[in-house]
Every structure is written in structure tokens, then in C-alpha cells.
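Counting starts at 1 for both ligands and their atoms, in listed order.
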Amino acid sequence: MNTVLAVETSCDESAAAVVRGEQVLASAVASQIAEHARWGGVVPEIASRRHVEALPQLIASVMAESGLGFADLDGIAATVAPGLVGALLVGSVTARTLARLHDRPFVAVHHLEGHLCSVHLGEPLPAGPFLVLLVSGGHTELVRVDGAGHYRRLGRSHDDAAGEAFDKVARLLGLGYPGGPAIQAAGALGNPLRFPLPKGRVSRPEGGYHPYDFSFSGLKTAVLRLVQSLRAGTGAAGPADPASTAELAAQDLADVAASFEQAVVDVLVERSCRCARDEGLGTLVLVGGVAANQRLRQRLEERCGALGLHWRRAPLAYCTDNAAMIGVAAAQRLAAGSSSSTALGVAARLPLQQSETLYEQQPSF
Ligand code: KG4
Ligand code: ZN
């Protein structure tokens, strides 16, 4: 089994981990959330600086906790795409430098492949291909997995990612960043059925709708209008007064948060279950930051139960960004005989299906 030191710096979490196969020997995350919260979202320049400051200590601590030396490692891994370029560079340069210094193979990892692999850190999966609903701050995708490295995207969001919709709606409700946990807390005692909100569908040029695709921008606008009309004290049906900045009544706030959450959860669950059924897949897997959402997990469990589908979720600690999932992905790649060139750069965007290019010895970027 391959033992890997992995680092993750694609966005606002600096993370390092040592894994052996699918077993985590040590994992540490330094979150920058408090710092970015002041600005209402991630500031790329600040993220890069904080990664530079945090990584040496994180790496030293996971290596010490694992009780291993660099000579015991089969590879050193980093996320190289997709993400914030400056942030990715910090992790990638660090891992490539360590790999050259200690003469270990370097393993580049696609961030979404890391999220897909986070499910292996939980209960074992039933045998056979499965469908993954990957919902994070940057992505909303339905991916069919036919084995390590064999991915086919069957659905995606055409605008905001689900987590991004949570973050933007939280901001307009004055709930702060990150929005997912804030909306979950605000909506816990709210009535999710009080405000029916649109379930964005994506038209096909040839007519009809993409059955497994998502759109959250209309939902966000509908929440904005709803909040404006509530603030103006007219109720949902009345004319909006965009100039009003009045506070929402506590119950209205709770009901808006719960209704928004319900609308997102309904489309995610309905379209993923339909996709799994149409593809003849018996297992549905939930990964990414939004997988931490309570309402989503409950609804998915109910629907999968009713349809006779197995469902699995990555352990809560590995839903949001971490390096253990990157380590598992790297260990799988090493086991398949792949490693990366230390000349490989980083990429802000790279479709998951192109993750094979990370293992070419003449890298294209
Ligand atoms: O996977 P992740 O840590 O980072 C990305 O790769 O994007 O996901 C972060 C996203 C944020 O948008 C955050 O608001 C959302 O996950 N999130 C949640 C919850 N916890 C985190 N969304 C809904 N409910 C939650 N409990
Ligand atoms: Zn992520």
C-alpha cells in the first residue's frame, strides 16, 4: 500500500496529511475562513499568503504525528487544478520541491478527484460503479465512477455552484460567510414550505430540459425579491422596495433560509436519484462541502431508501477541503503506476475527465 504526504491549497484551507492507501495516518487543516469572512468571500491574494505561512508547520506536524520520515514515503502529492492559481502554486511548488529534495515521486491531483476519493475514508462502498453528487463552493456535478480514474460527468450546474448559492444568499440575508452553515443554523426552526421558490431547469437547444443539470442563479434572484418585499413590509406578493434595509423579522428570516435550503435540496436529490436510476446505478455517494448539510443528507437518505438505492457520504471531517482526500487519490494513482513531472504547472480550470493529463511526462501546462 502506498504511503503519501499530500498538501491541499486550492482555495481557503491550507491542509497537509499523511495517508497509507485509504487509511489516514495524520491530517491537519488550517482554515482561513475567519480572515476571509471580513470581506464576505475569499480574497485570492490573502489566501496565497496564508498558505505560504501555514504549510511548513502543517507538514512538520503531520510528518511528526505519522512517525515517518521522507524516506518512508512512496510519493509527495499536491492539488494542481482547479482552483485559485496563486493558491495552487504554493502547494504545488512546496510538494515539487520536497519531492526533488528527497528524491520521491511527485503526484499531481485534480481537486475534484480528491473530493470523489473522500468517500473511501468512510464506510466501505458496495461493489460496482456508482454515482457521485459532488457539491462544493466551486462545483455542482454528477459524476459516474467506474473505478479509480474512470469518470464520466453526467450533470453540472450552468451558473452558480450549490455552495456558492448558499454563500450568496447568506450574504443577502446578512448571515455572513461561509453561507452554508449559517443558513442551516438560521433555517433550523423555519418553515421550509412557506415560500415556494423556483427549481431552476436548464433548456436544451433542441427543446425540453437537461434532466441532470442545475441552475441556481434564478433561485438567488427569487430570494432577493422575496427579501426585498418582506423588508418593505408588503409580504411576498407585494411590490418590492429595493431601498429598504429594514431587518427581517426573526420568523421571516428563518422561513426564508429554510425555504431556500429546501429548494436547493429538492433539486439536488430529485435529479441525482433520477440520474442514478436511469443509469442503472445502485449506489449514490455525496461529497464536497455542501454534503455537510443536514437537510440534504436527510432527504437523500429518505429518497434513496424509497428507491432501493444505497447511499454513502464522506465522513463529515472530510467533506470540506482537506489533504487526506488528496492523499487517497494520489495513493490510487501511484498504485496504478502513475506519477507526475515536477515540471507540471497549475491550472485554474481543468475538466475532471482530463485528469489523466496530469500524469503525462511531457506536461502541456
Ligand atoms: O468543498 P468545500 O470546502 O470547498 C470547495 O471546494 O469549494 O465547500 C465549501 C462550500 C461553501 O460554499 C460552504 O458554504 C458550503 O460548502 N457548506 C455548506 C455547509 N457547510 C459548508 N453548505 C450547506 N450546508 C452546510 N452545512
Ligand atoms: Zn473542494
Side-chain angles (χ1 to χ4, degrees), residues 6-15 17 27 29-34 36-37 40-42 44 47 78-84 87-88 91 109-119 121 132-141 143 156-157 160-173 175-188 190 192 216 219-220 257-258 260-269 286-300 313-326 328-329 348-350 352:
V7 298
E8 153 63 42
T9 60
S10 65
C11 191
D12 59 351
E13 322 273 13
S14 317
S27 172
V29 179
S31 177
Q32 309 173 358
I33 284 178
H36 295 290
V42 178
T79 308
V80 299
L84 303 170
L88 288 167
V109 175
H110 191 290
H111 184 72
L112 299 192
E113 184 167 319
H115 274 300
L116 297 187
C117 285
S118 66
V119 72
L121 296 166
V132 180
L133 170 60
L134 192 163
V135 267
S136 70
H139 295 87
T140 299
E141 306 209 341
V143 181
R156 68 184 171 100
S157 174
D160 293 344
E164 197 178 355
F166 270 95
D167 295 337
K168 288 180 175 171
V169 167
R171 197 181 320 169
L172 75 89
L173 292 175
L175 291 175
Y177 174 85
I183 287 193
Q184 177 168 304
F216 294 109
L219 172 60
K220 191 182 59 196
F260 163 76
E261 221 182 350
Q262 191 65 45
V264 175
V265 165
D266 281 349
V267 290
L268 290 175
V269 171
L286 182 60
V287 303
V290 183
N293 187 271
Q294 197 77 32
R295 226 180 267 275
L296 175 59
R297 281 158 42 207
Q298 257 168 18
R299 185 86 189 114
L300 203 58
R313 194 203 58 179
L316 211 48
Y318 300 119
C319 281
T320 44
D321 287 349
N322 64 88
M325 66 185 194
I326 304 301
V328 173
R349 293 169 165 271
L350 183 74
L352 181 61

Ligand 1: protein N/O within less than 3.5 Å of ligand N/O:
{"residue": "ligand 1", "atom": "1 (O)", "partner": "His115", "partner atom": "NE2", "Å": "3.3"}
{"residue": "ligand 1", "atom": "1 (O)", "partner": "Gly289", "partner atom": "N", "Å": "3.0"}
{"residue": "ligand 1", "atom": "1 (O)", "partner": "Asp321", "partner atom": "OD1", "Å": "3.3"}
{"residue": "ligand 1", "atom": "3 (O)", "partner": "Asp321", "partner atom": "N", "Å": "3.1"}
{"residue": "ligand 1", "atom": "4 (O)", "partner": "Asp321", "partner atom": "OD1", "Å": "3.4"}
{"residue": "ligand 1", "atom": "4 (O)", "partner": "Asp321", "partner atom": "OD2", "Å": "3.3"}
{"residue": "ligand 1", "atom": "6 (O)", "partner": "His111", "partner atom": "NE2", "Å": "3.3"}
{"residue": "ligand 1", "atom": "6 (O)", "partner": "Asp321", "partner atom": "OD1", "Å": "3.2"}
{"residue": "ligand 1", "atom": "6 (O)", "partner": "Asp321", "partner atom": "OD2", "Å": "3.4"}
{"residue": "ligand 1", "atom": "7 (O)", "partner": "Gly137", "partner atom": "N", "Å": "2.7"}
{"residue": "ligand 1", "atom": "7 (O)", "partner": "Gly138", "partner atom": "N", "Å": "3.2"}
{"residue": "ligand 1", "atom": "8 (O)", "partner": "Gly137", "partner atom": "N", "Å": "3.4"}
{"residue": "ligand 1", "atom": "12 (O)", "partner": "Gly163", "partner atom": "O", "Å": "3.1"}
{"residue": "ligand 1", "atom": "12 (O)", "partner": "Asp167", "partner atom": "OD1", "Å": "3.4"}
{"residue": "ligand 1", "atom": "12 (O)", "partner": "Asp167", "partner atom": "OD2", "Å": "2.8"}
{"residue": "ligand 1", "atom": "14 (O)", "partner": "Asp167", "partner atom": "OD1", "Å": "2.7"}
{"residue": "ligand 1", "atom": "14 (O)", "partner": "Gly180", "partner atom": "N", "Å": "3.0"}
{"residue": "ligand 1", "atom": "24 (N)", "partner": "Asn293", "partner atom": "ND2", "Å": "3.0"}
{"residue": "ligand 1", "atom": "26 (N)", "partner": "Gln184", "partner atom": "OE1", "Å": "3.1"}

Whether the side chain of [X] engages the backbone of [Y] through a donor-acceptor N/O pair (distance < 3.5 Å, no angle test) should be reported.
X	Y	value
Thr140	Ala162	yes
Asp167	Gly179	yes
His139	Leu134	no
Glu8	Ala15	no

query: Is His111 close enough that one of its N/O/S atoms sits under 2.8 Å from the Zn ion (ligand 2)?
result: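 Yes, since at least one N, O or S atom of His111 sits under 2.8 Å from the Zn ion (ligand 2).
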
message: So that I can check it, does any N, O or S atom in Cys11 come closer than 2.8 Å to the Zn ion (ligand 2)?
response: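 No, since none of the N, O or S atoms of Cys11 sits under 2.8 Å from the Zn ion (ligand 2).
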
- request: Could you pull out the closest heavy-atom pair between His110 and Pro82, with the gap in Å?
  value: CE1-CD, 3.4 Å

task: Specify the closest pair of heavy atoms between Ala292 and Cys319, including all atoms of both residues, with the distance to one decimal.
output: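 Answer, listing the atom of Ala292 first, then Cys319: N-SG, 4.3 Å.
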
message: Checking Asn293 against Gln184: is there a side-chain donor and acceptor pair closer than 3.5 Å?
response: yes

query: Out of the N/O/S atoms in Asp321, what is the name of the one closest to the Zn ion (ligand 2)?
result: OD1

